[in-house]
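Single-structure report; data block below.
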Amino acid sequence: MASQLLLPTNTFTNSSLDKVFVTGDDLTLKRKPNHATRVSYGFSLRANAALISSHSSYVEVPRQWYNLVADLSVKPPPQLHPKTFEPIKPEDLAHLFPNEIIKQEETLERFIDIPEEVLEIYKLWRPTPLIRAKRLEKLLHTPARIYFKYEGGSPAGSHKPNSAVPQAYYNAKEGVKNVVTETGAGQWGSSLAFASSLFGLDCEVFQVAHTYQQKPYRRLMMQTWGAKVHRSPSELTEAGRRILQADPSSTGSLGIAISEAVEVASRNEDTKYCLGSVFNHVLLHQTVIGEECIKQMEEYGETPDVIIGCTGGGSNFAGLSFPYIREKLKGKINPIIRAVEPSACPSLTKGVYAYDFGDTAGLTPLMKMHTLGHDFIPSPIHSGGLRYHGMAPLVSHIYEQGFMEAISIPQTECFQGAIQFARTEGIIPAPEPTHAIAATIREALRCKETGEAKVILMAMCGHGHFDLASYEKYLRGELVDLLFSEEKIQESLSKVPLVV
C-alpha cells in the first residue's frame, strides 16, 4: 500500500499544494493551476516522509492564541514591583513593553485574536509538521507510538519566531524604533533579529558569553538579519561591568543578559525590551504549537497518553502542553504531562517556589516561580537555552497545582538519545530538545518492559545545525555531565527576596 505524505498547505507558495503522495522514490504533486511551488526554509520532503497519514484534510494556522489562565480555578500569584513589593500595575511595565503586550500579560480572556499581519508571516512556516517516529520506535523495539511536533522549519530553526514576530509587530505598530533582548543558545536572538528585519526595527542582542564563543554562526545569523550582538556580560552596562569586576572570566547566564537588556531599555525612551520566554504573553504566543497539534493528532486518530517537552524558561513546553491542559480540564483527556530540565540547572526539581527576580541584577518584576536564586550561574552545559535560574511563573503555578510533573536528565544521556534520533529520523536536534528525546526514549523503553502501547507526544523545538561542535565533543567522548553544586544553590537561594 502506498505511503501518503501530508504537508501543511503553506509549505508551498500561495497554498498551491492540494496533496502530496509519496510512493517509493516517486513524488506526485497535485496542484492548483497557475501557482509556483517551492519548499520553505529547509523543509525536506524526503527527510520528512515520516509524516504519514491516510487522511486528506489539512490543519490551518490557528487564528487565535490560547490563554490558560482563563481556565484555571486558582489563578497564579501576581507579579510584584521590585521596590514596593506591591502587585505590578500596567504603567510599571510601560518603559519595557508596548501597550498591547502589557494587556496580553495581564489578560483573563481565553482567546486572543492573532493579527492578520502576524498570520501572514506565520504562514512562511506554519503549520508545522507532526511526525510519527516509526524508525525510532523500531530501533527501540517498543510497542509505544512516538510522535513529535517539529518546529525546526521556521526561518530561525526553532519555535522562537512564534513570539518574536508578534512582539516585533506590536512594537512597530506603536512607533518603537529599537528593541533589545537577551539570548542564550542564540535561537531567540536569531528569531527577534529576523522579526525585526521584517518590521524595520533596529535590534540589539546580549548573547550569553558561553554561547557567544561556542556558537559563532548563531551570532552571524543575527548579524545577517541586521542585529547588533554583544557578548554578555559586557562593559556596556552597569550590570555587566559589576559581574566582570567580580569575575572577569564569567561565562555569563541568561539572568545576566536579561539584566543588561532591561537596563538598556530602561534608559532609552525609544527602546523597548523583548524576551523569548518566562512571561505570560510569550507562552500565550507559543500556544499555536499545541492548537495545531491537537487537530493533527485527531487526524491521526490518536490521543496522547504522555506529553513531553524540555524546559528552561518554559516557552516551548507551554506552547505544546497548555492547549492539552485545557482539554484535560474539560475532562476530555488525561495525559501525563512531563517537563524535562537539565540536571545542571534543575529549577523545577531542585529549586524553591518563591518570589524572585527574573534577572541577576534585580531589575525585573518579582515573580512567583521555581528558582535556584537570581544570581545562580549555571554550569556551561551545551543546552544554552536551558541555562536559566528560574521557570515561567505560569509553568511553576501549574506544577504546584499538580497538572504536570518534572524530571531532570544529564547532558550525556541527552546527546546519546539525540544520536539515536538523528540516525533514525534524520533530524539533528538542537541540544535543548535532546532532553525531551531522552525522556521519550526512557518512556518508550518502559513501554517495552510493560507491553503498553502508549502514545507519546514530544516537543521537538528546533534543529541543531549550529550546534555541531557539541556533537563533535560527544562523538569524541569529551562531553561530560556538569552537575550543580548544592552549596552554590544554597548560597544563591539565601539571596532570594523575602516576600511575606
Side-chain angles (χ1 to χ4, degrees), residues 184-185 187 208 210-211 214 251-255 277-278 306-317 321 336-353 356 369-392 395-396 399 404-421 429-446 458-462 464 467 469-471 473-493:
Q187 294 175 346
V208 174
H210 174 62
T211 53
Q214 185 190 63
T251 58
S253 71
L254 276 169
S277 195
V278 180
V306 185
I307 299 171
I308 298 173
C310 67
T311 48
S315 63
N316 153 71
F317 174 79
S321 67
I336 294 169
I337 299 174
R338 184 174 299 144
V340 193
E341 58 187 4
S343 294
C345 193
S347 58
L348 283 170
T349 55
K350 296 292 184 181
V352 298
Y353 185 52
D356 198 7
M369 61 181 178
H370 290 86
T371 178
L372 298 169
H374 60 274
D375 65 352
F376 176 76
I377 299 180
S379 299
I381 56 173
H382 288 269
S383 298
L386 306 185
R387 294 180 67 240
Y388 183 59
H389 68 271
M391 182 55 59
V395 173
S396 292
Y399 183 54
M404 54 171 281
E405 59 185 45
I407 62 172
S408 64
I409 299 181
Q411 67 178 355
T412 53
E413 181 181 346
C414 296
F415 273 87
Q416 180 184 1
I419 294 295
Q420 291 177 299
F421 186 85
E432 290 76 18
T434 65
H435 294 74
I437 292 170
T440 295
I441 290 174
R442 285 186 182 184
E443 186 68 30
L445 291 176
R446 277 194 289 267
M458 177 183 72
M460 239 296 284
C461 58
D467 303 283
S470 300
Y471 280 89
K473 290 195 73 171
Y474 175 80
L475 293 170
R476 286 180 174 178
E478 298 172 358
L479 195 71
V480 297
D481 289 327
L482 301 173
L483 302 178
F484 65 92
S485 163
E486 285 283 2
E487 182 180 349
K488 185 178 176 183
I489 288 180
Q490 291 307 315
E491 180 184 355
S492 181
L493 289 175

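Numbering of residues begins at 1 and proceeds along the displayed sequence. These figures come from a predicted structure and were not determined experimentally.
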Met460 and Ile437: CA distance, side-chain angles, deciding distance, side-chain contact (heavy atoms from CB on, under 4.5 Å) verdict: CA-CA 8 Å; Met460 239 296 284; Ile437 292 170; 4.2 Å; yes

Whether Phe415 and Tyr474 hold their rings parallel, tilted or perpendicular, with breakpoints at 30° and 60°: parallel

Side chain to side chain donor-acceptor pair (under 3.5 Å) assessment of Ser347 paired with His370: CA-CA 6 Å; Ser347 58; His370 290 86; over 6 Å; no

Check: Thr412 main-chain N/O paired with Asp481 side-chain donor or acceptor under 3.5 Å: yes

Inter-residue atom distance His435.NE2 - Ser343.OG, 0.5 Å rounding: 7.0 Å

Inter-residue atom distance Thr311.OG1 - Ile407.CD1, 0.5 Å rounding: 9.5 Å

Expected output: side-chain Ser408 to main-chain Glu341 donor-acceptor under 3.5 Å: no

Glu405 atom CD, neighbour heavy-atom count above 12 within 6.0 Å: yes

Note, Ile419 side chain near Leu475 side chain (heavy atom, < 4.5 Å): yes

Minimum heavy-atom distance Val208-Thr251, with the two atoms named: CG1-O, 3.4 Å

Exercise: identify the closest heavy-atom pair between Tyr471 and Pro429: OH-O, 2.6 Å

Inter-residue atom distance Arg338.CZ - Ser321.OG, 0.5 Å rounding: 13.0 Å

Straight-line distance of Gln411 CD to Ser470 OG, nearest 0.5 Å: 8.0 Å

side-chain contact (heavy atoms from CB on, under 4.5 Å) between Gln490 and Leu493, intermediate numbers included: CA-CA 5 Å; Gln490 291 307 315; Leu493 289 175; 4.2 Å; yes

Contact summary for Ala185 and Thr211, nearest pair of heavy atoms: CA-CG2, 4.1 Å

Taking every non-hydrogen atom, the tightest pair across Ala392 and Val278: CB-O, 3.3 Å

Intermediate values then yes/no, side-chain contact (heavy atoms from CB on, under 4.5 Å), Met404 and Ile307: CA-CA 10 Å; Met404 54 171 281; Ile307 299 171; over 6 Å; no

Check against side-chain contact (heavy atoms from CB on, under 4.5 Å), His389 and Asp356: CA-CA 10 Å; His389 68 271; Asp356 198 7; 4.1 Å; yes

Nearest-0.5 Å distance, NE2 of residue His374 to OG of residue Ser492: 7.0 Å

Non-hydrogen atoms of Ala459 and Asn316 that approach each other most closely: CB-OD1, 3.5 Å

Heavy-atom closest pair, residues Phe317 and Gly309: CD1-O, 3.7 Å

Rounded distance (nearest 0.5 Å) linking atom OG1 of Thr434 with atom CD of Gln416: 11.5 Å

Side-chain heavy atoms of Ile409 within contact of Arg442, under 4.5 Å: yes

